[in-house]
Enquirer: 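First the structure, which I've put down as structure tokens, then a few questions once you've had a look.
Below, read A as the first sequence line, B as the second, and so on, with proteins coming before strands; counting in each chain starts at 1.
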Amino acid sequence: MIEAEWPGQIGVCEPRRVAAISLANRVADETGTLVQGEAVGYAVKFDACANKPKIKYMTEGILLREMMSDPLLKSYSAIMLDEVHERTLYTDILMGLMKKILRKRPELRLVVASATMDAKELYEFFNNSHMRDKSKDTAVILSVKGRQFPVNMFYTMEPVPCYVQKSVETALKINLSKESGDILIFLTGQEEVDRAVRLLKEHATNIEQADKKEKMFILPMYGSLPYHEQLKVFKSAPDGYRKVVVATNVAETSVTIPGIVHEDYLPKLADSTPPEIIRTKLTYAVLQLKALGISNILKFKFPSPPPVQNLRSALEILYALGAIDINGELTKPLGFHMAEFALDPLYSKVLLSSGDFGCSEEILTIISMLQVETVFTKPSSGSFAVKARIQKRLFEVEEGDLITYLNVFNGFISSEMSQGFCHKNFINYKSMRRVVEIRSRLEKMLKNYDVPIVSCGGLTEMICKCLVTGLFPNAAYLHYSGVYKTVRGDIELFVHPDSVLYTIPQPQWVLFCEVMHTTKLFMRDLTVIKSDWLLELAPHFYHKTTHKEF
DNA sequence: GAGCACTGC
């Protein structure tokens with residue numbers, strides 16, 4: 001074990017929650033200690049270890065957050081960044097911050113672990129190799145040969161007509177064989193996982209009823225499952241049962257589910273995507289760097305510098321939201337509170353102003369609904385597809401998708417969160433449970449910030465106005481040519497066919513939550529607004545002269 | 001009438 005002369009903690013950052021939790025479990029198991037004990041623990045959002053374990057596994061955002069109260073990470077003597085080859089936004093930001101910290105704390109040990117051969121680039125980044133004095137270099141490259149866990153893989157040699165069916169059959173075959181060990185099946189999406197789980201459960205029930213000894217314990221695993229259900233895969237199956245986990249690729253990398261020795265395999269695509277930081281919106285990341293006291297974002301050393309224009313527009317939006325002042329300083333309390341939310345700043349702004357509009361109950365619901373994939377299921381069979389469409393109409397309103405979501409949620413709550421309600425209305429029950437979880441967390445945060453939790457009781461205009469206070473950068477107007485355009489930049493946008501506004505006469509002004517770039521630029525999750533509201537509620541961003549339409 | 005999935009705070 002780690003001895004006393006090792007003064008601080010060892011922090012290991014993983015890009016995904018399940019990875020952090022499963023590694024902590026694994027290491028605790030190997031060292032014969034309890035997870036979340038003194039030696040080994042983990043911290044992910046909403047589920048942190050209470051003590052300070054010697055080895056702490058966490059998601060990247062957690063370490064970033066810890067830096068807000070402990071900027072030099074003094075409680076750690078070593079930090080490991082794992083899976084760096086994935087180059088998530090947070091990996092890059094953490095590497096930039098660690099470089100700064102290392103200058104002030106040369107005794108801190110940093111291990112950067114990557115599965116690919118980008119070592120040279122990272123080596124140069126941490127060594128300041130542009131400087132002439134190489135003797136000051138402190139980074140070294142260590143190579144570790146990969147070691148595989150003994151796992152039996154099953155490939156199908158030929159294409160199979162239905163691989164969901166086939167994987168279920170394979171699992172059943174393994175289950176009847178003499179070999180012991182748990183089974184992990186990978187499929188491509190949530191729907192497939194649910195289908196496979198249903199099939200397997202039928203078999204499992206039959207086995208139990210026939211009182212055979214090959215009992216199975218079936219568990220699904222995918223991202224939009226409520227958190228407490230995700231954690232079930234890490235527990236061992238009851239005595240006498242073989243655990244069968246059916247997963248999407250949530251679990252594909254860096255996850256070790258204890259006991260798994262059989263894997264179904266789907267080929268992984270070559271990892272060639274450029275770092276997230278150079279192609280994504282930086283509003284939230286810049287907000288967090290500001291919260292860490294990085295005053296000059298444009299001078300911050302990123303391993304892969306994002307386009308300056310992206311940084312500038314992030315700063316401009318944060319200013320217009322009121323999160324930073326004219327000097328680029330985080331505002332108190334608004335900017336600091338916005339940095340605390342694990343949400344797009346446009347959404348956290350809407351939440352924080354919802355008390356003033358007397359509609360925080362409704363806004364909490366809407367923002368929570370936006371955190372999950374669509375709750376409407378899309379049956380593939382014809383007659384059910386028509387029925388689903390008819391049921392969805394019952395919730396639809398002319399104000400747009402967001403108020404429609406509000407109606408769905410309220411219906412779900414009135415039904416006492418019944419599965420029957422979801423079934424009848426073609427709504428995903430598990431997603432709705434997750435929305436309920438998220439909503440109660442956000443509500444707690446609003447209460448902490450003394451935002452009154454109040455309902456406007458059906459005054460949808462107040463809700464729509466409140467949405468403008470944060471979503472104003474996402475406003476579009478109907479051009480006389482019949483397509484929508486952004487107010488700034490005149491970019492052509494189209495209503496997505498999934499929107500409730502798709503089939504009704506096009507309103508003059510809308511807010512969108514997201515743009516999807518597929519065959520065209522499609523706006524999703526729309527709300528109808530009035531142009532006056534933009535002038536009234538976002539004067540920094542829109543002036544009367546900005547566009548003739550005003 | 002569109003259309004891969006997944007993740008993180």
Enquirer: Looking at the side chain of R16(A), which of dC9(B), dA2(B), dT7(B) is the nearest nucleotide?
Expert: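 The closest nucleotide is dT7(B).
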
Enquirer: How many whole angstroms separate atom CE of M516(A) from atom C1' of dA5(B)?
Expert: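 Rounded to the whole Å, the gap is 11 Å.
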
Enquirer: Working to the nearest 0.5 Å, report the span between CZ of F494(A) and NZ of K520(A).
Expert: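 The CZ atom of F494(A) sits 4.5 Å away from the NZ atom of K520(A).
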
Enquirer: Just the rounded figure in Å: distance from C1' of dC6(B) to CZ of R17(A).
Expert: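 From R17(A) CZ to dC6(B) C1': 15 Å.
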
Enquirer: Let me know the distance between CZ of F522(A) and P of dG1(B), rounded to the nearest Å.
Expert: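 So the CZ-P distance, F522(A) to dG1(B), works out to 11 Å.
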
Enquirer: Considering only side-chain heavy atoms of D498(A), which listed nucleotide, dG1(B), dA2(B), dC9(B), is closest?
Expert: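 Comparing dG1(B), dA2(B), dC9(B) against the side chain of D498(A), the answer is dG1(B).
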
Enquirer: What's the CD-P distance between E14(A) and dC9(B), to the nearest Å?
Expert: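 Value for this atom pair: 12 Å.
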
Enquirer: Which nucleotide, dA2(B), dG8(B), dC9(B), lies nearest any side-chain atom of P497(A)?
Expert: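 Among dA2(B), dG8(B), dC9(B), the one nearest the side chain of P497(A) is dA2(B).
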
Enquirer: In this structure, how many angstroms lie between the P atom of dG1(B) and the CD1 atom of I504(A), rounded?
Expert: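 Nearest whole value for this atom pair: 16 Å.
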
Enquirer: Using a 4.0 Å heavy-atom cut-off, does Y284(A) contact any base of the nucleic acid, only the sugar-phosphate backbone, or nothing at all?
Expert: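 Contact class for Y284(A): base.
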
Enquirer: What residues, two or more places apart in sequence or in another chain, satisfy side chain to side chain donor-acceptor pair (under 3.5 Å) together with E373(A)?
Expert: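 Expected list: none.
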
Enquirer: In a table with atom names and distances, give each donor-acceptor pair under 3.5 Å that connects a side chain of residues 338-349 of chain A to protein atoms at least two apart or in another chain.
Expert:
{"unit_1": "E340(A)", "atom_1": "OE1", "unit_2": "Y449(A)", "atom_2": "OH", "d": "3.4"}
{"unit_1": "D344(A)", "atom_1": "OD1", "unit_2": "L346(A)", "atom_2": "N", "d": "2.9"}
{"unit_1": "S348(A)", "atom_1": "OG", "unit_2": "P345(A)", "atom_2": "O", "d": "3.2"}
{"unit_1": "K349(A)", "atom_1": "NZ", "unit_2": "L321(A)", "atom_2": "O", "d": "2.9"}

Enquirer: What is the distance, to the nearest angstrom, from the CD atom on E86(A) to the P atom on dA5(B)?
Expert: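 Taking CD of E86(A) and P of dA5(B), I get 19 Å after rounding.
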
Enquirer: Measure from CE on M67(A) to P on dC9(B) and round the result to the nearest Å.
Expert: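 One finds 15 Å between P of dC9(B) and CE of M67(A), rounded.
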
Enquirer: Over how many whole Å does the gap from I93(A) atom CD1 to dT7(B) atom P extend?
Expert: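 Interatomic distance, CD1 of I93(A) to P of dT7(B): 20 Å.
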
Enquirer: Using a heavy-atom cut-off of 4.0 Å across all strands, would you classify T88(A) as base, sugar-phosphate, or nothing?
Expert: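 T88(A): no heavy atom of the nucleic acid under 4.0 Å.
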
Enquirer: Ring of F426(A), cation from K387(A) - is the NZ or CZ under 6.0 Å from the centre and inside 45° of the axis?
Expert: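 No, a cation-pi geometry is absent between K387(A) and F426(A).
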
